[in-house]
Visitor: 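Have a look at this one before I ask anything.
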Amino acid sequence: MLGLLMNENEREEIEYLIKREMDELLFDLDDHRIDHMVKRAMQERYQLLFQLFKRVASHHECLKYMPRKKKQQ
């Protein structure tokens, strides 16, 4: 287990950076031109970023970026 000390400004900056990256991934996941395998890797990256995001963001902010459930095929 690792620990990290940061002040409020650093926490806000990390939250902002993670949100921008997750927004870009969500935008790209809706692009029909992107290959399925690439989208799968993007979804895995989104999951990882969301785990980090939960550690620095408020519960209300986390609800906005909650990963969508996969559709049954």
Side-chain angles (χ1 to χ4, degrees):
M1 175 171 256
L2 299 173
L4 176 67
L5 290 175
M6 64 180 89
N7 64 31
E8 186 63 25
N9 289 339
E10 293 167 337
R11 187 202 60 79
E12 289 174 4
E13 184 66 23
I14 290 173
E15 181 179 338
Y16 174 79
L17 292 171
I18 294 172
K19 282 169 59 172
R20 297 297 69 110
E21 184 65 25
M22 289 192 306
D23 285 337
E24 285 188 33
L25 285 171
L26 288 173
F27 179 76
D28 289 342
L29 284 170
D30 289 335
D31 191 344
H32 65 281
R33 298 172 293 172
I34 297 176
D35 185 57
H36 176 68
M37 294 298 289
V38 174
K39 283 188 179 185
R40 181 161 172 84
M42 291 165 60
Q43 289 170 341
E44 291 173 6
R45 179 172 170 82
Y46 188 89
Q47 290 291 333
L48 179 65
L49 286 171
F50 185 72
Q51 294 297 321
L52 291 170
F53 186 66
K54 288 191 315 187
R55 296 171 190 259
V56 295
S58 68
H59 178 71
H60 180 69
E61 284 294 315
C62 289
L63 290 176
K64 293 179 186 177
Y65 288 92
M66 186 78 65
R68 298 180 219 146
K69 297 284 185 187
K70 294 181 183 178
K71 294 179 183 177
Q72 296 293 331
Q73 295 181 355

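Atom set for the values below is all heavy atoms of this structure, side chains included, hydrogens, waters and symmetry mates excluded. Since the model is a prediction, treat every value here as computed from it, not as a measurement.
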Visitor: List in chain and number order the residues that pass side chain to side chain contact (heavy atoms under 4.5 Å, CB included) with D30, two or more places apart in sequence or in another chain; answer none if no residue qualifies.
Guide: R68
Visitor: Nearest 0.5 Å please: distance from the CZ atom of R40 over to the CG atom of D35.
Guide: 12.5 Å
Visitor: In sequence, state the C-alpha distance, the side-chain angles, and the governing distance for E13 and M6, and then conclude on side chain to side chain contact (heavy atoms under 4.5 Å, CB included).
Guide: CA-CA 10 Å; E13 184 66 23; M6 64 180 89; over 6 Å; no
Visitor: Distance check, rounded to the nearest 0.5 Å: K39 atom NZ versus H32 atom NE2?
Guide: 8.5 Å
Visitor: Of all residues at least two apart in sequence or in a different chain, which pass the side-chain hydrogen bond (donor to acceptor under 3.5 Å, both in side chains) check with D23?
Guide: R20, Y65
Visitor: Once side-chain hydrogen bond (donor to acceptor under 3.5 Å, both in side chains) is applied, do any residues pair with E61, and if so which ones, sequence neighbours excluded?
Guide: K19, K64
Visitor: What's the verdict on side chain to side chain contact (heavy atoms under 4.5 Å, CB included) for I34 and M42, showing C-alpha distance, side-chain angles and the deciding distance?
Guide: CA-CA 10 Å; I34 297 176; M42 291 165 60; 4.3 Å; yes
Visitor: According to salt bridge (charged side-chain N to carboxylate O under 4.0 Å, His left out), who are the partners of D31, at least two apart in sequence or on a separate chain?
Guide: R33
Visitor: Cluster partners of Y16, using ILVMFWY side-chain heavy atoms under 4.5 angstrom, listed by chain and number?
Guide: L17
Visitor: For L63, which residues count as a side chain to side chain contact (heavy atoms under 4.5 Å, CB included) partner, sequence neighbours excluded?
Guide: H59, M66
Visitor: Looking only at heavy atoms, which two atoms of E10 and L5 are closest? And how far apart?
Guide: OE1-O, 4.4 Å
Visitor: Nearest 0.5 Å please: distance from the CG atom of L26 over to the CD atom of Q43.
Guide: 10.0 Å
Visitor: Could you list the donor-acceptor pairs under 3.5 angstrom formed by side chains in residues 47-57, with sequence neighbours left out?
Guide:
none

